[in-house]
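Data block below; observations after.
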Amino acid sequence: MKQYDHRKIEGKWQEEWEKADIYAANDASDKKKFYPLVEFPFPSGSGLHTGHIRSYTAMDIVARKHRMQGENVLYPIGWDAFGLPTENYAIKTGRQPKDVTKENTDNFRRQLKSLGLSFDWSREVNTTDPEYFKWTQWIFLKMYEKGLAYKAKIAINWCPKDKIGLANEEVVNGCCERCGTPVEQREKEQWMLAITKYADRLYDDLDGVDYLERIKIQQRNWIGRSEGAEISFPVKDSKENIQVFTTRPDTLFGVTYVVLAPEHPLVSRLSAANRDAVDSYVSSASKKDEIERTDAKKEKTGVRLEGVVAVNPANGVEVPVFVADYVLAQYGTGAVMAVPAHDERDLSFAKKYDLPIRLVIEPLFVKTDGVDAVRSDKPFVERTAALCIVKHWSEDTYLCSKWKSNDWQGFITGGVEDGESVALAAEREIAEETGYKSAKYVRTCGRLHSQFYHGVKGVNRFAHFDVVYLELQDGDVAEMAQEEKDLHDVHWVSRSDVRNFVNREDMKTAWDMFSGSQCLTGDGILANSGAFDGLDSEGARRKITDAVGGSWVKKFKLRDWVFSRQRYWGEPMPMIYCARCGWVPVPEKDLPVELPAVQKYEPTDTGESPLAAIDEWVNVKCPNCSGPARRETDTMPNWAGSSWYFLRYVDPKNKEVFADPKKLSLWTPIDWYNGGMEHTTLHLLYSRFWHKFLFDLGLVPTSEPYLKRTSHGMILAEGGEKMSKSRGNVINPDDLVDTYGADTLRVYEMFMGPFDQAISWDGRGLIGPRRFIERVYSLAQEVSGESLGREADVLLQKTVQKVSVDIESMGFNTAISALMILANKLGDEANVPKEPFSTFLRLLAPFAPHVAEELWHDLGNKDSIHMAPWPVADQSKLAEEESTIAVQINGKVRATFKASKAATKDDLEGAAFSLDEVKKWVGENNPKKVIVVPGRLVSIVI
RNA sequence: GCCGGAGUGGCGGAACUGGUCAGACGCGCACGACUCAAAAUCGUGUAUCGAAAGGUGUGUGGGUUCGACUCCCACCUCCGGCACCA
């Protein structure tokens, strides 16, 4: 009997597959195309890690299944090889980055091949290959041509350790994403890409793609679009206007001061009486780094521009003007109107500088069961009415109000002494208006914070409400009478009952709102707002904006992309600076601009790229005037090459264009892109941006590159920590492939847990998949007989169906579980014939390609199993199956019986009652109610 | 603070659109077989209380339902992302 020896099997088949080239994608096929994509790795010195394997194996399974389904599959791989780690490693070891890259990619390639991944290796791309980055440079030139690439002097995030400028996206908590060093601000000339011009489309087009919802949300958050008004505040006795941006123009009447960011140009232009104080504040603000500036928790600071007064365009009220660094220059207009009553930041500033607080929004919302019922569009609200019993926060007074069907009706009565009579009146009134006959039951009681005029000390006082919720509908009147009684007894306005609803915390909240220590930031009804009183926030926004001549605009958090890096190991910018002609693009025919061979490529402290020191490379003739000129010495960030690599796979050797349009329209868009959660903001956004740009030039057929995007969960070390070299808990795939085999490793990584969730490595867990494969292997040695047992056959059909579905929905763990169940069942059978076993093998093939291939050939097949047709479930066999019906008595399952799938309700009910077990439980009792769900159960209530 | 996601056995995790006594599959563990012995392998068992009948159990507390891990509400905990974006 043959023993399973993965070392023998896996190497052999990897060779065979390569020889027969079975995974090559066909550019000239009329089969349906399928283009799955995984993020190409950065070939680091430490080799492949478990996360790569998880993602690559998953998409390999998908690719293999589709190939077996007869589709023309393009499953490519390449190398995202530019980048700091290689450069730093090269500097440390005194070697050329190019050589280090070569070595690392060779190692990665070997490792990937040892896993039996079905990549089309003939399409391998490498971002550091001049034949590749020629086109990266070419796309950049196109962007320059269209005005999307520009050079600007900006304060950039500078990492003093890596000596490199960072994009905002690369700064995490004010520190360098890579090395964790706190980032400094430096003014530098940088190449920028105007991604903000695409912000709207990058946002809107998410609606049309199939990304995991959380990925879409992250993208939207990152783009950070918000709509609002730009409103002008004229400066008194001056020609200047302060333009502010606000999403809450409905609070315009509540403005009590205006704030400028320290970098705002008006700060120096306006004539402040305290010029010195203002200037020193501005300069101290500029010295603070990003972390300090953007820490929301720190106390707000600012300086008033003495003598400068802004005029509220809504009501002519004159308000002071401040400069304060809690306002960001880069966002909106760099100036805000401050409404301390309805904005927490403004409130804390106002309190510190003793500025007035003006309430202009009444919080008119019902909070019941945690649902903001007034604004809720939940169906039950449509049929619901509420009576609100109100207790004044300080006085022993009750009010009653009513509310129904998404529509606030206001209070029907003012303060009264006798709550009960008011409640009854309100209830009657509701019944009349809604047409419902009477109240059915109390739904719940919750709380309601609202504001009402009570005339105490001439201000709006906040009160605390208790809500009694009545669902009004036609129904059994007798039943209701009792419930109504309960309602009154339990909930109506005996004062002691009210005490049960009103707890101290609620009272405190109400008090805090009134006293201004808590801020009402939600929407509500306008008050103290002149002609706009009584409007709701939503409707008032546009009206007020229009009334003061403001404009309605969209703003974004997204900023333009800092595209320059002052390092060696990246794509050189194809730009030349000529004193006479300015910036001149390198002519297309001179692309690629290659990196010169250098001895030293350490970064410089001056912030200049190491390339700047190489005179013979830097000094060139101006392509325009042939005068003396200098090359741009910045290089591109490593996001550049990965922004379009998936297009190059389509036509990797093309020397004329980045890819043949015909091939692009055959293969793109990508059907399914899987990658790490860490790339769902930056890489995804950048590559979508580039793709849209190419689409606008008519160079790619679709405006979105990826139809579907999923993400795998991270694999953590045993114990739940991150895997890292420094912790010494990194798993080396080479060892695992050697001791357990690639098939076992693949199955283990897919079986260990839900694909999209983070999970800890468990070294012992590998043994399960290994045993499973061994069991399959020994099962294969006993294939014999003519037919399979009926039960096993049905299970086989079910498994075919389940595995097919699970692969598409990334349920790899449950697919493998189903295969294990089937293998166990087959093991129990007296004999397993060849045909059903070969079906099983084909289901297994995507997961464990080597052993499946070996056993497939043992069965006498000549061609590869990976080219064999994917099994289809025999529906007729599944339909024949009887279903087991459960019999529930008072909600508990007491018996089961078998019935055909066609059995009617009456059949099932009769069958259920004839069971002894059921008779025992039902006994003398008459069933009150019987519910029959065909194919599932009979539920008897006694 | 805001936005997502998740809380199920000793562990990783199953459970279709609420419906066949929740815990599949795998790991681990216990016992048994084989062995001089061990490993490997195979078999049996493995939420919990109870002698049994029968209860109780999916973070906590309520609710809806004939029936809830699944739906609704409140609360607690953990993870991920964003965070003075007006």
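Small disclaimer: the values here were computed from a predicted structure and weren't measured. Residue numbers start from 1 in every chain, and the chains themselves are labelled A, B, ... in the order their sequence lines are given, proteins ahead of strands.
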### Message
Of the options B/C66, B/C42, B/U41, whose atoms approach the side-chain atoms of A/V941 most closely?
### Response
B/C66

### Task
Name the orientation of the base relative to the sugar in B/G4: syn if the glycosidic angle is within 90° of 0, else anti.
anti

### Query
Do A/Q888 and B/G19 have a side chain to base donor-acceptor pair shorter than 3.5 Å?
yes

### Query
According to a strict under-4.0 Å criterion, is A/N824 in side-chain N/O contact with OP1 or OP2 of B/G26?
yes

### Task
By nearest nucleotide on RNA chain B, pick out whichever of A/G768 and A/F556 is the more 5' one.
A/G768

### Query
Counting side-chain heavy atoms from C-beta on, which of B/C25, B/G4, B/C27 comes nearest to A/I821?
B/C25

### Message
Using OP1 and OP2 only, check whether a side-chain N or O of A/Y326 sits under 4.0 Å from B/A86.
### Response
no

### Query
Among B/G4, B/A14, B/C3, which is the nearest nucleotide to the side chain of A/N221?
B/C3

### Closest to the A/F751 side chain, choosing from B/G13, B/A14, B/C25
B/C25

### Query
Would A/F349 and A/Y326 count as a close aromatic pair, with their ring centres under 6.0 Å?
yes

### Query
Are A/F556 and A/Y331 close enough that their ring centers fall under 6.0 Å?
no

### Query
What nucleic acid atoms does A/T680 come within less than 4.0 Å of, heavy atoms only: base, sugar-phosphate, or nothing?
nothing

### A/P754, nearest nucleotide to its side chain (from B/G13, B/G81, B/U20)
B/G13

### Message
Any carboxylate oxygen within less than 4.0 angstrom of a Lys/Arg side-chain nitrogen, looking at A/E230 and A/K555?
### Response
yes

### Task
Keeping the roles fixed (side chain from A/K557, backbone from A/W222), state whether a donor-acceptor pair exists under 3.5 Å.
no

### Query
Ignoring hydrogens and angles, does a donor from either the side chain of A/K557 or the base of B/C82 sit under 3.5 Å from an acceptor on the other?
no

### Query
Hey, does A/N813 reach any base, or is it just sugar-phosphate, or nothing, if we go heavy atoms under 4.0 Å?
sugar-phosphate

#### Entry: Pair assignment for B/G45, Watson-Crick or G-U wobble, requiring both distances under 3.5 Å
B/C29

### Query
What residues, two or more places apart in sequence or in another chain, satisfy ring-ring contact (aromatic ring centres under 6.0 Å, His included) together with A/Y748?
A/W761

### Query
Is A/R709 close enough and on-axis enough to A/Y211, meaning under 6.0 Å and within 45°, for cation-pi?
no

### Task
Taking only the side-chain heavy atoms of A/D343 (C-beta and beyond), determine which of B/G12, B/A86, B/G26 contains the nearest atom.
B/A86

### Query
When you compare B/G23 with B/G7, how far apart are their C1' atoms, in angstrom units rounded to a whole number?
16 Å

### Query
Judged by atom type as modelled, is there a donor-acceptor pair below 3.5 Å linking the side chain of A/T333 to the main-chain atoms of A/Q243?
yes

### Task
Would you classify A/I217 as touching base, sugar-phosphate or nothing, given that sugar-phosphate means primed atoms plus P, OP1 and OP2, and contacts are heavy atoms under 4.0 Å?
sugar-phosphate

#### Entry: A/S939 side chain, from C-beta outward: closest of B/C3, B/C66, B/A14
B/C66

### Inter-nucleotide C1' distance (B/C69, B/A22), Å rounded
8 Å

### Query
Hey, is the side chain of A/R771 poking within less than 4.0 Å of OP1 or OP2 on B/C27, counting only N and O atoms?
yes

### Message
Suppose you measure atom C1' in B/G12 against the same atom in B/G28; what distance do you get, rounded to whole Å?
### Response
11 Å

### Query
Base, sugar-phosphate, or nothing for A/I759, non-hydrogen atoms under 4.0 angstrom?
sugar-phosphate

### Message
Nearest to the A/A886 side chain among B/U20, B/C25, B/A86, which nucleotide is it?
### Response
B/U20

#### Entry: Nearest-nucleotide pick for A/S817, side chain only, options being B/A24, B/G81, B/A86
B/A24

### Task
Determine the interatomic distance between C1' on B/A30 and the same-named atom on B/G18; round to the nearest Å.
37 Å

### Strand partner of B/A52, provided both Watson-Crick or wobble distances fall under 3.5 Å
none

### Message
My understanding is that a pair needs two contacts under 3.5 Å, Watson-Crick or G-U wobble. By that rule, which nucleotide pairs with B/A86?
### Response
none

### Query
When we call it a touch if two heavy atoms are under 4.0 Å apart, what does A/I767 touch: a base, just sugar-phosphate, or nothing?
sugar-phosphate

### Closest to the A/L937 side chain, choosing from B/G19, B/G26, B/G13
B/G19

